[in-house]
**Student:** 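One structure, pasted below without further comment.
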Amino acid sequence: MSFDLLISRIKELRNPTVAGLDPKFSYVPEYIRESFLAEFEDPLYGAAMAVLEYNKGLIDALCDVVPAIKPQAAYYELYGWAGMKALKETIDYAHEKGMYVITDGKRNDIGTTMEAYAAAHLGTVNIGGKEVAPFDGDALTVNGYLGSDGITPLLNICKERDKGIFVLVKTSNPSSGELQDKKIGAEAVYEVMGQMCEQWGAELPGKYGYSGVGAVVGATYPEQLLELRAKMPHTFFLVPGYGAQGGGARDVAGGFDKNGLGAIINSSRGIICAYQKEGCDERDYAAAARREAIRMRDDILQYVNL
Ligand SMILES: O=C(O)c1cc(=O)[nH]c(=O)n1[C@@H]1O[C@H](COP(=O)(O)O)[C@@H](O)[C@H]1O
């Protein structure tokens, strides 16, 4: 009921990073796109299956180096029901290969509806007396700005099924300060949300000192990352914004504790589009992703005592 599983895998591979699987169709190598679109009459189905093939190649190349993947749900919803099938099969395939899965859904709603999101992504649904897990990710990104009603249903499921959540605290995007930096008394909105994460997490303690309620803090705000690390000692951070959004290894260093734990750094385009950046043969896309994942790991480990 915490991030113990994720942290164990990070320690085992000595790699505090996660590969974001945000498979925009133009990132999928042309030879895969063409073959799947030719095979299936329904373009949405063909596209979704091409994405799945691309993801499997990436997972095969990354699974012994990178502890986790973070599929971003938007890129699967894009292909309708077939995209949902691709998301589920991506999650299952990553699990088969020993990877931890953070479903990036940024879900939020009022209590009863949030229960449905929680059951869909982390829990089970009872159908005719049988408990079935629809997506079965290990963790889910969520928006906590609806307050406790939107978080409590997740805590129950995290407790029962050993899952975790990452709550948006200080996001990486340029306009995140429009609301998140506003002051409530002496504190910024993101600090208040950070304290709420610490409180929610008290119900889900973990053996490394980090609870099952994590926080999203962007690599593009290194000062806030450092500040929040000190103020949120029991909250594990998911740190997006490395690479394509301009964040570097020095920027993310403040997210870690003295044991080299406390954060996992995400790169999506940087890893999955590495072959385009390298300008190598598109058939080497998975090997290029692996090279970039290793480079990223070594880059970050310069600043992290893991
Ligand atoms: O929750 C997230 O993962 C997230 C939060 C945030 O503040 N900023 C952010 O970029 N993300 C996600 O992290 C990924 C970043 O992708 P790249 O910029 O390509 O590495 C995307 O899937 C974003 O949706």
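Start at 1 and go down the list; that is how both ligands and their atoms are numbered. Nothing fancy with the numbering, it's 1 onward along the sequence.
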**Student:** Near Lys106, which atoms of ligand 1 are under 4.0 Å from a heavy atom of that residue?
**Tutor:** 1 (O), 2 (C), 3 (O), 4 (C), 5 (C), 11 (N), 12 (C), 24 (O)

**Student:** Does Tyr93 share a hydrophobic cluster with Tyr54, counting links as ILVMFWY side-chain heavy atoms below 4.5 Å and allowing steps through other members?
**Tutor:** yes

**Student:** Checking Arg229 against Phe256: charged group under 6.0 Å from the ring centre and within 45 degrees of the axis?
**Tutor:** no

**Student:** Salt bridge or not for Asp22 and Arg269, using N-O below 4.0 Å?
**Tutor:**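 Answer for the salt bridge query: no.
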
**Student:** Could you identify the single nearest non-hydrogen protein atom to atom 20 (O) of ligand 1 and state the distance to 0.1 Å?
**Tutor:**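 For this ligand atom, the closest protein heavy atom is Ser268 N, 2.9 Å.
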
**Student:** Heavy atoms only: which of Lys170, Gln72, Lys70 lies closest to atom 12 (C) of ligand 1?
**Tutor:** Lys70

**Student:** Would you please say whether a donor-acceptor pair under 3.5 Å links the side chains of Glu39 and Tyr45?
**Tutor:**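 Not at all, the side chains of Glu39 and Tyr45 share no donor-acceptor pair under 3.5 Å.
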
**Student:** Should Asp104 be listed as contacting ligand 1, given a heavy-atom distance under 4.0 Å as the test?
**Tutor:**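 Asp104 counts as a contact of ligand 1 under the 4.0 Å cut-off.
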
**Student:** Report, in ascending order of atom number, the atoms of ligand 1 lying under 4.0 Å from any heavy atom of Val216.
**Tutor:** 5 (C), 7 (O)

**Student:** I need the Asn266 CG to Ile271 CD1 distance, nearest 0.5 Å.
**Tutor:**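 Spacing of CG (Asn266) from CD1 (Ile271) equals 7.5 Å.
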
**Student:** Which residue owns the protein heavy atom closest to atom 10 (O) of ligand 1, what's the atom, and how far is it?
**Tutor:** Gln245 NE2, 2.8 Å

**Student:** Is it true that Phe3 and Phe166 have ring centroids separated by less than 6.0 Å?
**Tutor:**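 Centroid distance Phe3-Phe166: below 6.0 Å, so yes.
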
**Student:** Which ligand 1 atoms are under 4.0 Å away from a heavy-atom of Pro240?
**Tutor:**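 Reading through ligand 1 atom by atom, the close ones are 4 (C), 5 (C), 6 (C), 7 (O), 8 (N), 9 (C), 10 (O), 11 (N), 13 (O).
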
**Student:** So, Tyr221 versus Asp251: side-chain donor-acceptor pair below 3.5 Å or not?
**Tutor:** no

**Student:** Against heavy atoms of Ser172, which atoms of ligand 1 measure under 4.0 Å?
**Tutor:**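 It comes down to these atoms of ligand 1: 6 (C), 7 (O), 8 (N), 9 (C), 10 (O).
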
**Student:** May I ask you to identify, for Asn173, whether its side chain, its backbone, both or neither come under 4.0 Å of ligand 1 on a heavy-atom basis?
**Tutor:**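 None of Asn173 does.
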
**Student:** Just verifying a value: how many Å separate Thr124 OG1 and Ile127 CD1, rounded to the nearest 0.5 Å?
**Tutor:**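 Atom-to-atom, Thr124:OG1 and Ile127:CD1 are 9.5 Å apart.
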
**Student:** Using distance alone, decide if ligand 1 has a nitrogen or oxygen within less than 3.5 Å of any nitrogen or oxygen in Thr171.
**Tutor:**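 Among all N and O atoms of Thr171, none is under 3.5 Å from an N or O of ligand 1.
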
**Student:** Could you tell me whether Arg269 and ligand 1 have an N or O pair separated by under 3.5 Å?
**Tutor:**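 Yes; the residue has a nitrogen or oxygen that sits under 3.5 Å from a nitrogen or oxygen of the ligand.
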
**Student:** With nothing but distance in play, are any N or O atoms of Asp22 less than 3.5 Å from an N or O of ligand 1?
**Tutor:**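 Checking ligand 1 against Asp22, an N or O pair does fall under 3.5 Å apart.
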
